[in-house]
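Data block below; observations after.
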Amino acid sequence: MNHRPPLCHPACPRRAVGPERRDLQFHSISNEGSGEHRLTLRYSSPAMRTLIALLLALLFPANLNAQKMTAPQLITLAQSHSPALQDAINATFTPQELKEGTAWAGQGHDFFFALQSPTSPQLFIDRVPGPAMQPLAATGQWYAVARIEELGVLHSFDYQVSGTKFGGRLDLPAFGPDSYLEPGISSGKLSEKLIHTSKLYDGMKTEYWVYVPAGYDPKVPAALMVFQDGAGYIHRDGNNPALNVIDNLIAQKKIPVMICVFINPGDVTGAPGTPTYRFVQAYAEQWHRTLKDSMRSTEYDTVSDRYARFLRDELLPQATAQYNIRKDAYGRAITGLSSGGICAFNVAWQMPDQFSRVISWIGSFTSIQWKEDPAIPDGGQDYPEKILREPPRNFRIWLQDGSNDQENDRYGSWPLANIRMANALKLKNYDFHFSFGQGTHNSGHGAAEFPAEMTWLWRDYDPAKTSETYAIDPAEKAKPLFRVSITGRDLP
């Protein structure tokens with residue numbers, strides 16, 4: 001999975017522009033994150049720029065060399081022509097990101113791009129020329145401030161340097177307002193990191209966190225949602241600001257009050273000599289993967305009921321023991337990305353009485369664990385045929401993938417695998433949605449549309465019900481099957 005610079009915090013300031021004056025707000029947060037200092041500057045003439053630049057130099061001194069800036073902070077520095085901008089860029093982005101043309105930061109509509117280039121570059125956003133890049137003194141650095149209108153979707157950017165395409169990313173998420181905690185919305189409580197020691201996986205230790213929303217009432221059974229690779233979802237200003245989305249949508253009554261359990265892949269390094277350890281070690285040696293990565297694959301990619309039983313019989317009873325949780329599949333959802341995506345689907349497939357709502361981002365419906373265990377005949381690549389041939393399961397699923405996802409010489413094609421999944425689900429009239437874009441093996445697309453995914457997944461939820469027979473939406477049923485076009489090859 002690729003990573004991008006962390007997104008700015010929802011509390012970061014925005015620049016307000018009026019017809020007669022301009023308001024600039026700055027947040028300066030201490031290294032410990034314990035204090036906030038705000039300065040508001042108002043000016044009505046260009047003559048004030050010098051004063052603002054001096055104040056900015058005091059607010060963002062050059063020796064503040066280890067503090068990353070958010071997109072609004074970078075934009076504020078750029079629009080006021082602050083001498084602190086260069087140090088802010090170097091503190092926010094790595095030299096490699098600047099040289100490769102992959103440095104960016106964004107919040108909502110507002111984006112900041114930076115690049116190291118010996119000649120003037122041209123910025124393109126979604127293949128359309130963007131704002132002109134501005135030089136930063138004689139440093140060879142260039143920057144641009146841009147506004148992207150469409151939110152809640154994935155965008156792309158790149159450059160032209162000396163007439164040649166250069167750098168950029170296909171995974172540029174523009175988060176909508178539901179991905180930032182709205183003013184006045186109460187947030188819940190995230191537990192400290194907890195540890196479970198498994199019997200099913202022979203001494204494997206698993207880290208997990210439990211999130212209890214502000215609206216939880218112990219007298220009312222709450223819905224449940226389980227996240228694979230859980231640590232990637234628990235940071236409100238991170239790549240996947242799921243907690244903000246959950247708080248906002250609960251307050252808007254678009255999803256029910258739900259307890260969320262964020263589960264990391266297990267670690268078996270402390271249990272040498274056990275059957276699980278020996279299996280994982282052999283897999284790691286065969287495929288030249290680390291022991292921890294191989295444990296994750298053993299849990300997530302294996303097409304069996306073992307991980308589902310681990311959740312049902314071990315981890316979830318421990319994680320939710322002190323909470324009033326719904327026991328029916330109607331009130332339970334599960335999600336994950338990459339191998340965590342097939343894991344979420346596999347759990348619902350193996351135990352539809354436990355989970356009936358699934359979100360899969362860039363799901364690895366490929367042959368990762370195929371034939372690694374002689375007792376398990378199926379691999380992830382078999383799921384389209386299993387959907388077509390095996391008795392139907394009663395669940396609702398949102399699939400997401402991109403045309404530039406992985407093509408792997410060991411395991412297969414992620415885009416083709418997800419298209420096959422979508423068509424199999426459609427042919428069998430499952431209640432599904434397939435969101436297919438141009439992204440890579442990256443969480444950006446799924447994270448950008450997470451508010452829409454959650455709203456769709458929990459639509460028509462009725463707390464008085466304990467079951468529902470899901471069926472394909474008539475609008476989806478009327479659409480054609482997904483077709484493949486070949487691009488980038490010399491074909492007629």
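The figures that follow rest on heavy atoms only: side chains count, while hydrogens, waters and symmetry mates do not. Just so we're clear, the structure is a prediction, and the values are computed from it rather than from any experiment.
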### Task
Would you mind reporting whether S294 and V268 have side-chain heavy atoms less than 4.5 Å apart?
no

### E149 atom CD, neighbour heavy-atom count above 12 within 6.0 Å
yes

### Query
What residues form a ring pair (Phe, Tyr, Trp, His ring centres under 6.0 Å) with F482, not counting sequence neighbours?
F434

### Task
Would you tell me whether W414 and S364 have side-chain atoms, one donor and one acceptor, within less than 3.5 Å of each other?
yes

### Query
How about R389: does its CZ atom have over 12 heavy atoms from other parts shown lying under 6.0 Å from it?
no

### Message
Salt bridge check, R296 against D229: does any charged N sit closer than 4.0 Å to a carboxylate O?
### Response
yes

### Summary
Exactly one of F365, F432, Y307 clears ring-ring contact (aromatic ring centres under 6.0 Å, His included) with F345, and that residue is F365

#### Entry: V145: which of F113, F112, F111 passes side chain to side chain contact (heavy atoms under 4.5 Å, CB included)
F112

### Task
Would you mind checking if D431 and R459 are paired as a salt bridge, meaning a charged N to carboxylate O distance below 4.0 Å?
yes

### Message
Quick one, L427 with L481, criterion side-chain contact (heavy atoms from CB on, under 4.5 Å). Give me CA distance, side-chain angles, the key distance, then yes/no.
### Response
CA-CA 8 Å; L427 289 167; L481 291 165; 4.1 Å; yes

### Message
Assess, by modelled atom type and distance only, whether the side chains of Q369 and D301 contain a donor and an acceptor separated by less than 3.5 Å.
### Response
no

### Query
So F124 and F157, ring-ring contact (aromatic ring centres under 6.0 Å, His included) or not? Walk me through it.
CA-CA 5 Å; F124 286 78; F157 77 96; over 10 Å; no

### Among E453, Q400, E449, side chain to side chain donor-acceptor pair (under 3.5 Å) partner for S435
E449

### Query
Stepwise, does the side-chain hydrogen bond (donor to acceptor under 3.5 Å, both in side chains) test hold for Q73 with T76?
CA-CA 5 Å; Q73 290 171 329; T76 295; over 6 Å; no

### Query
Just checking, any donor-acceptor pair under 3.5 angstrom between side chains of D178 and Q252?
yes

### Task
Evaluate the ring planes of Y330 and Y461, with Trp represented by its six-membered ring, and classify them as parallel (under 30°), tilted (30 to 60°) or perpendicular (over 60°).
parallel

### Task
To the nearest 0.5 angstrom, please state how far the CG atom of L311 sits from the CZ atom of R332.
9.5 Å

### Query
Please walk me through it: do I125 and I148 pass side-chain contact (heavy atoms from CB on, under 4.5 Å)?
CA-CA 8 Å; I125 301 174; I148 294 178; 4.0 Å; yes

### Message
Testing the basics here: between L457 and R396, what is the closest heavy-atom pair and its distance to 0.1 Å?
### Response
O-NH1, 3.1 Å

### Query
Are any of the side-chain nitrogens in D267 or K205 under 4.0 Å away from the carboxylate oxygens of its partner?
no

### Task
Taking the six-membered ring for Trp and the full ring for Phe, Tyr or His, determine whether the centres of F395 and Y430 are under 6.0 Å apart.
yes

### Message
Assess the residue pair L315 and Y208 against the criterion (side-chain contact (heavy atoms from CB on, under 4.5 Å)); give the C-alpha distance rounded to whole Å, side-chain angles, the decisive distance to 0.1 Å, and a yes or no.
### Response
CA-CA 9 Å; L315 194 140; Y208 69 94; 4.1 Å; yes

### Message
Using 0.5 Å steps for rounding, measure from the OG1 atom of T102 to the CG atom of L172.
### Response
11.5 Å

### Query
Where do W104 and D171 come nearest, in terms of heavy atoms and distance?
CZ2-O, 4.2 Å

### Query
Does the side chain of M295 come within less than 4.5 Å of T298's, by heavy atoms?
yes

### Message
Within the 4.5 Å heavy-atom criterion, are Y180 and P241 side-chain neighbours or not?
### Response
no

### Task
Check the side chains of Q141 and N90 for a donor-acceptor pair under 3.5 angstrom, ignoring hydrogens and angles.
yes

### Summary
The reported gap from CG in D87 to CD in Q67 (rounded to nearest 0.5 angstrom) is 12.0 Å

### Task
Assert yes or no for the condition that the ring centre distance of F262 to Y211 is strictly below 6.0 Å.
no

### Query
Can we say K386 and D382 salt-bridge, meaning some charged N sits less than 4.0 Å from an Asp/Glu carboxylate O?
no

### Query
Can any side-chain N or O of S191 pair as donor or acceptor with the backbone N or O of V210 at less than 3.5 Å?
yes

### Query
Do Q228 and Y233 have a side chain donor and acceptor closer than 3.5 Å?
no

### Message
What verdict does the ring-ring contact (aromatic ring centres under 6.0 Å, His included) test give for F310 and H196, after you've listed the backbone C-alpha separation in whole Å, the side-chain angles of each residue and the deciding distance to 0.1 Å?
### Response
CA-CA 11 Å; F310 166 72; H196 171 78; 5.7 Å; yes

### Query
Counting distance only, does the side-chain N/O of N418 pair as donor-acceptor with the main-chain N or O of G363 below 3.5 Å?
yes

### Query
Of the non-hydrogen atoms in K426 and P480, which two are nearest, and what is the gap between them?
CE-O, 3.5 Å

### Query
L399 versus I397: any side-chain heavy-atom pair under 4.5 Å?
yes

### Query
So, are E385 and R420 salt-bridged, with charged N and O less than 4.0 Å apart?
yes

### Under 3.5 Å: donor-acceptor pair, side chain of D305, backbone of M351
no

### Query
Can you tell me if CD on Q438 sees more than 12 non-hydrogen neighbours from other groups inside 6.0 Å?
no

### Message
Could you check whether F436 and H445 have their ring centres less than 6.0 Å apart?
### Response
no

### Query
When you check the side-chain N and O atoms of S413 and E407, is any donor under 3.5 Å from an acceptor?
yes

## Note on the structure
Heavy-atom nearest pair, G439 first then L154, reads CA-CD2, 3.9 Å

### Message
Quick check on W370: does its CH2 atom have over 12 non-hydrogen neighbours (other residues, nucleotides or ligands) under 6.0 Å away?
### Response
no

### Message
Can a donor-acceptor pair be found, under 3.5 Å and without considering hydrogens, that links the side chain of T92 to the backbone of M69?
### Response
yes

### Query
Closest approach of G336 and A344, non-hydrogen atoms and distance?
N-CB, 4.0 Å

### Query
Looking at CD of Q354 and CZ of R312, how far apart are the two atoms once the value is rounded to the nearest 0.5 Å?
6.0 Å

### Task
Output yes when D247 and R236 qualify as a salt bridge under the 4.0 Å nitrogen-oxygen rule, no when they do not.
yes

### Message
Quick one about N346 and Y300 (side-chain donor to acceptor, distance below 3.5 Å, no hydrogens or angles considered), yes or no?
### Response
no

### Task
Taking the side chain as every heavy atom from C-beta outward, state whether I250 and I246 have any pair of such atoms under 4.5 Å apart.
yes

### Min side-chain heavy-atom separation V303-Q350 under 4.5 Å
yes

### Query
At their closest point, which heavy atom of S179 faces which heavy atom of N244, and how far apart are they?
O-ND2, 3.1 Å

### Message
With heavy-atom distances below 4.5 Å as the criterion, would you say the side chains of S360 and I342 are in contact?
### Response
no

### Query
Can you list the steps and then say if Q381 with L416 is a side-chain contact (heavy atoms from CB on, under 4.5 Å)?
CA-CA 10 Å; Q381 82 285 351; L416 287 177; over 6 Å; no

### Task
Would you confirm whether N408, through its side chain, and R410, through its main-chain N or O, come within 3.5 Å as a donor-acceptor pair?
yes

### Query
Between the side chains of T440 and N442, is a donor N or O closer than 3.5 angstrom to an acceptor N or O?
no

### Query
Can you check whether K165 reaches Y159 side chain to side chain, under 4.5 Å on heavy atoms?
no

### Query
Under 6.0 Å from the six-membered ring centre of W287 and within 45° of its axis: does the NZ or CZ of R289 meet both?
no

